[in-house]
Chemist: 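Would you mind keeping the following structure in view while I ask a few things?
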Amino acid sequence: MNIDWGSLLLVALVSLAAAVAVVVLVALALVGLSAARPDAPRGGAGASVASPAVATTLSYVCLLAAAAIAAYGIYLVAR
Amino acid sequence: MNFSVIVVVVVVTALAFDFTNGFHDTANAMATSIATGALPPRVAVLISGVLNVVGAFLSVEVAKTISSGLVDETRITPVVIFAGLVGAILWNLVTWLIGIPSSSSHALFGGLIGATWVAAGTGAIHFGALISKVVLPAVISPIVAGVIALVATYLAYRITAKADDGTTRRGFRVGQIVSASMVSLAHGTSDAQKTMGVITLTLITAGALPAASGPPIWVILTCGLAIGLGTYFGGWRIIRTLGKRVSDIQTPQGFAAETSSAAVILTSSHMGFALSTTHVCTGSIFGAGAGRRLASVQWGVAGQMALAWVVTLPAAAVVGGAAALAVSDGGTFGTVVVAVVGVGVAAGIFVSSRRRPINADNVNDVPGRVEPVPAGA
C-alpha cells in the first residue's frame, strides 16, 4: 500500500497558511477601519496612533491581499 | 454514441444522487452564514446553488480518482453501479431526515464498494486506493480543518479585541458572505466531480468511452446543474444542526470556519483527494466553536456525528450490496424491483419529512434546546 503522506502534509500546511493568512489580514483590516472611524477614541491608552487616512489605506491593502490569496487559490485549481 | 437503456437509467440515477448530494451539503457552505444572519436563508441557498454550478467546471482531478482508481472497471457492469447508487441515495435521504451531516461522498463510495463486492468479489476493489485516497483523508481532514479554524478564530478574536465592536461585526459579516461563497464554489468543484466520476465510470464500463478518459462536457454540465439545483432546494434539517446545535456561532467564527473549509477543500481537490466536504466543514465549525470558548461547543453532538460518519460507508455498502444481489441474480426483473423499492423508500422518507417540516422560515428556531435547570430543581 502506498500512502502519499507528502501530499497529505502539503495539503494541511498550504491550507493552514492560506486560511490563517486570509483571516489575519481581514482582522487587521477591521482594526484599521475601526481606528479610521470619526468617533474612534484618540489619545487614550490603546488608541490608534495613525491618522484615519493612513488607517483606511492600510485596511484596503490588507483586504486586497486577502482577496489576492483567494483569487490565486481559485486560479491554481482551475488551471 | 449508442446508449442502452441501462446506461440511461444509471446516468439518471447518478444525477438523482447528485441532487441529494447538493441538498444534503448546502449546510456545509451556508449553515454558519444563515445562523449568524449574514445572509437571509433563501438568498444563501440561491448563491450557493449558482456557485456550485460554476465550481463544477473548475477541475476534474477528483472525477479521475473515482473513474479510474477505486474499483476495477473491467470487472463491473452499469447494473452494479446502479445498485451502488441506490445504496448511496437511500443512506443520504435517511441521514437528511434525522438531520445528521454525514458524508455524501462516503455514501457514494460505500454504495459502489458494496455493490462491487457482491457482484465481482473483493478482488475488484482497490483497497490500497480506498485507504490512501478516501479513508485516510476522511480521518485526517476534519481534524486538520478543525485545528486551522481554531487557530484562525483565536487570532481573529485576539486581533480585533480592541477594535470597534460594530465595525468588526459588520466587517466579518461581509467577509462571511465571501467566504461562504468560496465554500460553495469549492463544494461544486469537489462534489459535482464525484458524480461526474461515476457517470464517466459507467460510460467506460458500457464501452462508450475508452478506459481512463476524463468526463465529457455534457456530463460536467448536467452534474453541475443537478448539484446546483439540489443545493438551491436546501437541506434545512442539516443546516439547523450545523448552524445551531453545534455551538453558538458568531460572525468572526463563521468567517474563520468557512475560510478554513474553503482552503482545505480547494487544496485537496487540486491534489485529487476525494475528501468529504461534510467532514471538513463540520470539523471547521467545531474548531471555530472551540477557538472562542471551549465550553460553548456541544461535544455530545460531535459524538453523534462521528458515529454517523463511521457508519456511513459500511451502511451504504450493505444497501448497495443488497441491491447488487437483486440485480445480478434477478436480471432485468431484479433491476426493476430495486428501482421500484428505491423510489418507494425515497417517497416514504419524503412524506415523513413533511410531518415536521424544516424550511427557510424556521431554520434558526431550535425547539429542542434544553433550558438550563436551576440547581436543586
Chemist: Below 4.5 Å from any heavy atom of chain A, which atoms of B:V144 appear? Answer side chain, backbone, both or neither.
Modeler: side chain
Chemist: Can you give me the closest heavy-atom contact between A:A19 and B:A263, atom names plus distance?
Modeler: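 Taking A:A19 first and B:A263 second, the nearest heavy atoms are CB-CB, 4.0 Å.
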Chemist: I'd like to verify something: which residue of A:G73, A:S7, A:A21 has the highest number of heavy-atom pairs under 4.5 Å with chain B?
Modeler: A:S7
Chemist: If you round to the nearest 0.5 Å, how far is CG of A:L10 from OG of B:S268?
Modeler: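 Spacing of OG (B:S268) from CG (A:L10) equals 11.0 Å.
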Chemist: Taking all non-hydrogen atoms of both residues, which atom of B:A256 and which atom of A:V23 are closest, and how far apart?
Modeler: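 Shortest heavy-atom contact: CA-CG2, 4.0 Å.
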Chemist: Of the backbone (N, CA, C, O) and the side chain (C-beta and beyond), which part of B:F172 lies under 4.5 Å from a heavy atom of chain A, both, or neither?
Modeler: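 Contact with chain A involves both backbone and side-chain atoms of B:F172.
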Chemist: Contact part of B:R158 toward chain A, heavy-atom cut-off under 4.5 Å: side chain, backbone, both or neither?
Modeler: neither
Chemist: Under a 4.5 Å heavy-atom cut-off, does chain A meet the side chain of B:I265, its backbone, both or neither?
Modeler: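 Interface part for B:I265: neither.
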Chemist: Where does A:A17 contact chain B at under 4.5 Å (heavy atoms): side chain, backbone, both or neither?
Modeler: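 Contact with chain B: none, neither part.
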Chemist: Tell me the closest heavy-atom pair linking A:S34 and B:T167, and the distance in Å.
Modeler: OG-CB, 3.7 Å
Chemist: Working to the nearest 0.5 angstrom, can you tell me the gap between A:L25 CG and B:T259 OG1?
Modeler: 11.0 Å
Chemist: Quick one: which of A:L28, A:V20, A:L16, A:L33 has the most heavy-atom pairs under 4.5 Å with chain B, could you say?
Modeler: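 Max contact count across the listed options: A:L16.
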Chemist: Is B:Y157 atom OH crowded by more than 12 heavy atoms from other residues, nucleotides or ligands, each under 6.0 Å away?
Modeler: yes
Chemist: Has B:W309 got more than 12 heavy atoms of other residues, nucleotides or ligands less than 6.0 Å from its CH2?
Modeler: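 Yes, because the 6.0 Å sphere around CH2 of B:W309 holds more than 12 heavy atoms from other groups.
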Chemist: Which of the residues B:V151, B:I159, B:T153 is involved in the greatest number of heavy-atom pairs with chain A at under 4.5 angstrom?
Modeler: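 Among B:V151, B:I159, B:T153, the one with the most close pairs to chain A is B:I159.
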Chemist: Quick one: of B:T168, B:V147, B:I148, who has the most non-hydrogen atom pairs under 4.5 Å with chain A?
Modeler: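 Looking at each option in turn, the highest pair count goes to B:I148.
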Chemist: Could you give the distance from CD1 (A:I74) to CG (B:L185), rounded to the nearest 0.5 Å?
Modeler: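 With rounding to 0.5 Å, CD1 (A:I74) is 5.0 Å from CG (B:L185).
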